[in-house]
Structures are given as structure tokens and as C-alpha cells.
Protein chains: 2
Amino acid sequence: MARRLLAPNRRSDTRERILESATILFGTRGFDSVSLDQIAAEVGIAKQSLLYWFASKDDLIQAVLVNMAAELTVVVEAAIRSAPDMPLDRLEAVIHAVFRPAVRRPALLGLLRELSRLPTGAAEHLTEILNPLVTRAGTWLRTEMQAGRLRQGDPSLIIALVYATVAGIATEPEALRVVGWSQDVIGLRKLRNELTSFLRAALAP
Amino acid sequence: MARRLLAPNRRSDTRERILESATILFGTRGFDSVSLDQIAAEVGIAKQSLLYWFASKDDLIQAVLVNMAAELTVVVEAAIRSAPDMPLDRLEAVIHAVFRPAVRRPALLGLLRELSRLPTGAAEHLTEILNPLVTRAGTWLRTEMQAGRLRQGDPSLIIALVYATVAGIATEPEALRVVGWSQDVIGLRKLRNELTSFLRAALAP
DNA sequence: ACGGTTCTCTACCAAATGGTAGACAATCTC
DNA sequence: GAGATTGTCTACCATTTGGTAGAGAACCGT
């Protein structure tokens, strides 16, 4: 697992390309539904070359998950830092930030849905990365509520609402289609705008 | 596929037991991650007995989906009919109704998430069952809004919000755990209550 | 030029998967 | 009671899966 650290990687983006393809495939079709052969074919290499970079499928899954958590963290942290100071405006900025990767790479959030398919405890170390993010958002919301700049409520619900909406809708266009909704009825951008104005109405003090 | 219609089924609940086990397993772990052997073992029969009742895995999946759609329809329709007349109260009643199967059988809603893993068009006939449900809810919300009994907004968002929250949270306890939330922080019942009061705040005229 | 490292490949394997063929027992119909 | 139907099973099969063994090419520092 630390092999990569010992060897100076000369010039090979293979590992990154594998991670990228694996993220998309795993996120859209699930861990169990995607074979190493398919990922390798997508990257354009042989399966055994893939197994050179990642010792096993589990290894690859772990790497993909850590990658995803790090990427989400960067996006959200940046949004929080650079957002305006008014709580509702900042909330909107964060929501926009969360929606952005969802729009461009729905697979990223699809990975979160895949966590339940892992053996128990297999994603434990993700907690270290994602928990601070959620905790920080929660304490910020609570502070604003106590300061009277947001209506009282449960910060956890706000976060859960945003997460569920983005993850649930962004990664499930098929479920929406089956229900009879086209992308016109509830496309991602429209959904984002509706959600923010909705939260504004619900949270204005 | 019509074999069952020709033969009068004497006394055998095997088919129903298979459907029940398959619903739970498919809904929690996904179509591709569950083998016919596992389902058969859960029911307590041999795989070949399962294949006697359902000609193929695809057949079984289709049957499970139709079953799910019908069950959801019954629950929601009943809630709409027997709910009080005040729009916010009725909305709350419907939300409670949607949460009920999610609490007792999260797998039922988990099946909706699985739709995206099906080959394109494989779940087309589900539209006939589920679309009327969603359409009906949408027109009702719109009517109430136009009558001034609910604040103006996009009915689609309300429905999407409720669906995403229930489906996203109910069927993904693992994702919540990874983020660092225990069931205490955002258990289903608490979430349901928070969501309804939240919607009340946002939708009161 | 040479020995070692890095990287990709072909060939192969054991296990699991969806599915078929058909035997056998219980039950129903007449 | 005889024959057909219904339901469950054991045995088997072709394909796919994750993974191993090891050969060979390209590149490195010396």
C-alpha cells in the first residue's frame, strides 16, 4: 500500500486515469456491478495493469472513496471561506458549491450511496475526512440560529435536506424518469434554485 | 410469463415468499449484488425452485418492481383519501404515510434507487403505475397554492424534497454513519417531524 | 554496456453466477 | 387406481469474476 511512496513515479498518469474512470463507473453503476475488466477497458489498459497499481478491487474502492471525500472537502471548504457573510447568502453559496460537482460529476455523490454496500466498517476512515465538514457546517448553522440571524431549527435537518436532495436527485435521473418527470420538470439547476429560495423562506428569521 | 395465469395456484406461498425476500435483498444490496442462490437460501429453497416460479433473474426483478410500485401506490392513495382537509395537515399526513413503509421496509424505497442500474427502458411500465401518483400530488399542491391556502412555489420541488429525504436518508444509514451521524442525531422519526414542521414554515401562506 | 527498476502484457486459475435438463414425489382429475 | 399436473430437488454447464505467475519491453543510473 505504501509502495507508491517508495518509488519516485517517473511519468505515468495511469493511476490517476484509473481513479477517474473507476470513480465514474462505481458512482453510476455501483461497486458490484462494475468489473475490473470494464474499468481497465475504459482506461484502455489490461486488467493486470490495473492490478499493478491497485493490489485488489477493495484497494481500488478504498482509493476512490478517499479521493472522493478529499475532493468534496476541498469544494465545500472553499465555498465556505469565500462566501459572503450574510447567513442566507452564505448558505446559498455553499449549496451552489455542493451542486457543482453533482452537476459535473454526479458519480462523485453516487459513491456516497454505495457506502451501504461495503462490508461493515470498511469505510470507517472516511469519517475522519467527512465528519469535520459536517460538524463544521452544523456548528455554523447553530451559531447563526442562536444569534437570531436564522430561524430556529435543527441544523442536522438542513444539512440532511441539502445532501439528500442533491445526492438523491442528481444521481437518480432514472428514478425521476420512471416517475414521469423529464429533466425539464426538475432539472438540476432549477432544483438548485428552488431549493435555495425554499430554504430562504423557511429559515429567514 | 403468463404461465401462472393458466394454472390455478393450489396452495403455495412460495412465490410470495420469494418476492418478499427478493424485495428486501434487492432493495438493500442492489440487483447485481444479490445472487439467485442467496435469495433462494433466504427463502429456504433451492435456486432451481426459484427459477420455477420466475423464469429468469430479470423476470424476478420486474415482478419485484411492479410489486413495489403497487404497494407504494396503495399506501399513498389511502393516506390522501383519509387525510384531513386542511392542506398543511393533509401534507403532513401524506408525509407520514410515505415514511411508514420507509421505516418498516427501507428496501421498498431502495428499489427506486436501483432503477438506474437497469438497462434503459427496462422499467418503462413502472411509469404507468407511479406517474399518476406523482401527477395527482402535483396538481393537488398546485390547486391549493392557487387557492391561496399554500404559499406559492414549485410543487415538483416539494415532492422531490419529500422523496429525496425519505429515500435518501431512510435507505442510507451507512452514508450517515460515515459522515459521523448516529441514528440519534437524525433518526427517521425525528427527521420526519423536522421535515413536516420545516415544510409548514416554508409553505404557510 | 549492464544490472536493476518500472510498467504492461499474455496465459492461466478457482470460485461464483445465471441458467438448463431431467429425475422424483405429491397432488389433482377422471 | 391411472395419468396428468404441480412443485421441489440434484447434477451439470458456460460464462464471468477477482486474482496469480511470470515473461518481456522501456527506462534508469553507473
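In what follows, chains carry the letters A, B, and so on, assigned in the order in which the sequence lines appear, proteins first and then strands, with residues in each chain numbered from 1.
- Applying the side chain to side chain contact (heavy atoms under 4.5 Å, CB included) test between Ile18(B) and each of Thr23(B), Leu60(B), Val64(B) identifies Leu60(B) as the sole match.
- Surrounding CD of Glu128(A) are at most 12 heavy atoms belonging to other residues, nucleotides or ligands under 6.0 Å away.
- Atom CG of Asp58(B) and atom C1' of dT17(C) are 14 Å apart (whole Å).
- One can place CH2 of Trp53(A) at 19 Å from P of dG19(D), the figure rounded to the nearest angstrom.
- Taking atom CZ of residue Arg17(B) and atom P of nucleotide dG7(D), one finds them 13 Å apart after rounding to whole Å.
- With no hydrogens or angles considered, no side-chain donor-acceptor pair links Thr127(B) and Asn131(B) at under 3.5 Å.
- In this structure, NE2 in His96(B) is found 9.5 Å from CG in Leu195(B), a value given to the nearest 0.5 Å.
- One can place CZ of Phe54(B) at 15 Å from C1' of dT8(D), the figure rounded to the nearest angstrom.
- Leu60(A) places its CG atom 12 Å from the C1' atom of dG18(D), with the value rounded to the nearest Å.
- When rounded to the nearest whole Å, the span between CD of Glu16(A) and C1' of dC7(C) equals 15 Å.
- For Lys47(B) against dG18(C), a side-chain N or O and a base N or O form a donor-acceptor pair under 3.5 Å.
- In this structure, Trp181(A) and Ile159(B) have side chains that are in contact, with non-hydrogen atoms separated by less than 4.5 Å.
- Remark: P of dT17(C) and CG of Leu50(B) are 14 Å apart, rounded to the nearest angstrom.
- Contact between the side-chain N/O atoms of Ser49(A) and the OP1/OP2 oxygens of dC9(C) is found at a separation under 4.0 Å.
- Taking CZ from Arg117(A) and CD1 from Ile61(A), the interatomic distance works out to 12.0 Å, rounded to the nearest 0.5 Å.
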Distances under 3.5 Å only, N/O to N/O: pair up the protein atoms with those of nucleotides 22-25 of chain D.
none

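- Phe198(B) and Phe198(A) have tilted rings, their planes meeting at an angle from 30° to 60° on a 0 to 90° scale.
- Between the OH atom of Tyr52(B) and the P atom of dT10(D) there is a distance of 17 Å, given to the nearest Å.
- Side-chain nitrogen and oxygen atoms of Thr14(A) include none within less than 4.0 Å of the OP1 or OP2 phosphate oxygen of dC7(C).
- Contacts between residues 21-46 of chain A and DNA chain C, defined by a heavy-atom separation under 4.0 Å, are made by Ile45(A), Ala46(A).
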Query raised in the report: What's the verdict on salt bridge (Lys or Arg N to Asp or Glu O under 4.0 Å) for Glu124(B) and Arg177(A), showing C-alpha distance, side-chain angles and the deciding distance?
Result: CA-CA 9 Å; Glu124(B) 218 55 52; Arg177(A) 270 202 45 260; 3.2 Å; yes
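- Comparing dT8(C), dG19(C), dG7(D) by their nearest atom to the side chain of Ser56(B) picks out dG19(C).
- Between Arg90(B) and Glu144(B), none of the side-chain N atoms (NZ, or NE/NH1/NH2) sits under 4.0 Å from a carboxylate O, so this pair counts as no salt bridge.
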